[in-house]
Amino acid sequence: MLNKIKGLKNSKYTRKIFRIVFIVMGLLPKKKKLVMFESFHAKQYSDNPRAIYEYMKEHYPEFQLVWSVDRRAVKLFEEFQVPYIRRFTLRWFMEFPRAKYWVNNVRLPGWMPKPAGTVYVQTWHGTPLKKLGIDIEEVHMPGTETSNYKANFLNESAKWDYLVSPNAYSTEIFTRAFGYKGQVIESGYPRNDLLAAPSETLASTIKKQLDIPDGKKVMLYAPTWRDNEFYQKGKYKFEFQFDLENWKKNYGDEWVLLSRMHYLVAENFDFSAHEGVVFNVSDYPDIRDLYLISDMLITDYSSVFFDYAILNRPIVFFMYDLENYRDQLRGFYFDIEADSPGPIVQTEQELFQAIDELADSHVQLDSKAAAFKQKFSDLEDGRASERVVQTFLGKKI
């Protein structure tokens, strides 16, 4: 029965009805002080939209700030006591099309038109290493044709009034890969304002909330997803390529491991055998907090390393499938093997060796890491949210 209801909601007929209602409501007068926020398909309170929301809440109290929320994320927003409207409800259709401002970090559903007079601020959600949008030569996602994928990107980017970019490198790629012809706000990422001046008090509070034992160092494992590893359309799989028991034997006395899977990975991992040492933080609301408390990052092709580099802490790149990912799946925008701000490893043995070598290193003294940070983080000064908000509100900076 639930599958039938879900199928009806996702049908072409229903989307057509939604579109008509949205268009009609969008013809009504704008609510000029209403800003609607979404993050990762309305499922998270996180990322650049969260940083912009929190900045506006403090500095622009005259604005009505509301989140569009997937029904499965309602509990999260109630815990944070954030104003929200459930997505695709009657109230949502009465408010979203009439909001003067939209702030989002991924694409909206294709059936949603942008009403005249709406200002759509697209923040995106990472500095690109792997190819994006129309730059991808062949899409390997299930149920997705390359031509349709690229056409959908172009249709979406045509709706944006502003696109937020963290640096000059990203601006060049975004405008091409998204086929974007509008205004770019090259500001740094709002979500990184917190990392520009990290708070020890906040870090201590977060550790206590996660029940991380006192005195333990923190290692964050945050890999990305693979386009061609999936169960079905929209549900991707991921398997650890290093043995957690071996990690525990080597590092469990001194470290804890935070496992943060990409939001597109479908599995729920069972770490009960490693309780107190390995923590599943995939559902933690915002990864920026996890950066703040981590002493080392292990990742692969995820854009998380661009943000984490701001902190001048060690990064290990566990790229066990480098050749396939680089040459077959996505391709890269720059030579990561030459320019990575940390060692690239492909086996468990190499991973553990790199951890040992970097555990007590001083990243800020490494010329390669310093050059990387200068290129990609030069705008991260703690004022990105201010620059973005003042730009789309038409204020002078």
Side-chain angles (χ1 to χ4, degrees), residues 47-48 51-52 55 105 123-132 135 163-178 184-200 203 220 222 224 287-288 290-319 322 326 330-345 354 357-388 390-391 397:
D47 204 71
N48 294 311
I52 292 170
Y55 177 83
N105 67 344
T123 72
W124 204 241
H125 52 268
T127 300
L129 165 65
K130 54 197 176 190
K131 291 189 176 178
L132 295 171
D135 281 350
L163 174 60
V164 177
S165 170
N167 45 52
Y169 159 86
S170 296
T171 298
E172 179 183 356
I173 291 171
F174 285 167
T175 51
R176 183 185 67 248
F178 299 147
V184 176
I185 308 175
E186 193 175 290
S187 56
Y189 265 152
R191 69 186 186 195
N192 290 336
D193 288 347
L194 187 76
L195 304 181
S199 165
E200 288 294 332
L220 174 62
T224 192
I287 195 173
R288 68 181 187 178
L290 305 180
Y291 297 150
L292 198 62
I293 65 172
S294 297
D295 300 285
M296 179 183 294
L297 170 68
I298 303 171
T299 188
D300 47 17
Y301 321 104
S302 171
S303 65
V304 297
F305 68 89
F306 290 99
D307 299 339
Y308 192 78
I310 297 168
L311 293 167
N312 289 321
R313 298 174 189 172
I315 304 172
V316 180
F317 293 85
F318 186 35
M319 297 178 169
L322 174 60
R326 179 193 61 210
R330 282 290 190 101
F332 301 145
Y333 283 115
F334 66 90
D335 187 352
I336 187 65
E337 294 167 81
D339 299 330
S340 65
I344 294 175
V345 298
E357 292 174 353
L358 291 178
D360 298 311
S361 65
H362 298 282
V363 173
Q364 64 270 28
L365 301 179
D366 182 87
S367 59
K368 193 175 176 183
F372 180 91
K373 185 177 179 181
Q374 177 61 33
K375 179 175 181 179
F376 296 106
S377 306
D378 62 314
L379 296 175
E380 305 293 0
D381 60 359
R383 297 184 60 193
S385 298
E386 176 186 355
R387 288 190 283 269
V388 171
Q390 291 193 358
T391 300
I397 300 177

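- Within the model, atoms CG of Leu297 and CZ of Phe318 stand 13.5 Å from one another, a figure rounded to the nearest 0.5 Å.
- In this structure the side chain of Val316 reaches within 4.5 angstrom of the side chain of Met296, judged on heavy atoms.
- The structure places NE2 of His125 at 12.0 Å from CD1 of Ile287, a figure rounded to the nearest 0.5 Å.
- Applying the ring pair (Phe, Tyr, Trp, His ring centres under 6.0 Å) criterion to Phe306, with sequence neighbours excluded, gives Phe372, Phe376.
- Without hydrogens or angle criteria, Tyr169 side chain to Thr127 main chain gives no donor-acceptor distance under 3.5 Å.
- Inspection of the Asn192 and Asp307 side chains reveals an N or O donor paired with an N or O acceptor under 3.5 Å.
- When atom types are taken as modelled, the side chain of Asp193 and the backbone of Ala51 share no donor-acceptor pair closer than 3.5 angstrom.
- Partners of Asp381 by salt bridge (Lys or Arg N to Asp or Glu O under 4.0 Å), not counting sequence neighbours, listed by chain and number: Arg387.
- Of the possible polar contacts, one joining the Ser340 side chain to the Gly342 backbone as a donor-acceptor pair under 3.5 Å is found.
- With sequence neighbours left out, Arg313 forms a side-chain hydrogen bond (donor to acceptor under 3.5 Å, both in side chains) with no residue at all.
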Handout entry: Full working for side-chain contact (heavy atoms from CB on, under 4.5 Å) between Leu379 and Glu186
Key = CA-CA 8 Å; Leu379 296 175; Glu186 193 175 290; 3.9 Å; yes

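- What you find for Ala222 and Val304 is that their closest heavy atoms are O-CG2, 3.9 Å.
- Contact annotation: the side chain of Leu163 approaches that of Phe174 to within less than 4.5 Å [non-hydrogen atoms, C-beta and beyond].
- Residues that satisfy the side-chain hydrogen bond (donor to acceptor under 3.5 Å, both in side chains) test with Tyr55, not counting sequence neighbours, are absent from this structure.
- Side-chain atoms of Tyr189 do not come within 3.5 Å of backbone N or O of Ala384 as any donor-acceptor pair.
- One finds the OG atom of Ser377 at 7.5 Å from the CG atom of Asn167 (value rounded to the nearest 0.5 Å).
- The two atoms that bring Ser170 and Ser165 nearest to each other are CB-OG, 3.5 Å, heavy atoms only.
- When the options Leu220, Ile310, Leu194 are evaluated for a side-chain contact (heavy atoms from CB on, under 4.5 Å) with Tyr291, the one that passes is Leu220.
- Among all heavy-atom pairs drawn from Ala203 and Ile293, the shortest one is O-CG2, 3.4 Å.
- Ile336 is not listed as a side-chain neighbour of Tyr301, based on a closest heavy-atom distance of 4.5 Å or more.
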Exercise for the section: Take Thr299 and Tyr308, measure what side-chain contact (heavy atoms from CB on, under 4.5 Å) needs, and give me the verdict at the end. Expected result: CA-CA 10 Å; Thr299 188; Tyr308 192 78; over 6 Å; no

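- Annotation: side chain of Phe332 is in contact with side chain of Leu322 (closest heavy-atom distance under 4.5 Å).
- Asp300 places a side-chain N or O within donor-acceptor distance of the main-chain N or O of Thr224, the cut-off being under 3.5 Å.
- Each of Asn105, Asn48, Thr123 was checked for a side-chain contact (heavy atoms from CB on, under 4.5 Å) with Arg191, and the lone residue meeting it is Asn48.
- Here the straight-line distance linking atom CG of Leu292 with atom CG of Leu311 works out to 7.0 Å at 0.5 Å rounding.
- Annotation: the span from Arg326 atom CZ to Glu337 atom CD amounts to 5.0 Å, rounded to 0.5 Å.
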Handout entry: side-chain contact (heavy atoms from CB on, under 4.5 Å) assessment of Val164 paired with Trp124
Key = CA-CA 7 Å; Val164 177; Trp124 204 241; over 6 Å; no

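- Evaluation of the salt bridge (charged side-chain N to carboxylate O under 4.0 Å, His left out) test over residues 168-177, restricted to residues two or more places apart or in two chains, returns Asp135-Arg176.
- Evaluation of the salt bridge (charged side-chain N to carboxylate O under 4.0 Å, His left out) test over residues 358-375, restricted to residues two or more places apart or in two chains, returns Lys217-Asp360.
- To the nearest 0.5 Å, atom OG of residue Ser187 and atom CD of residue Glu380 are 8.0 Å apart.
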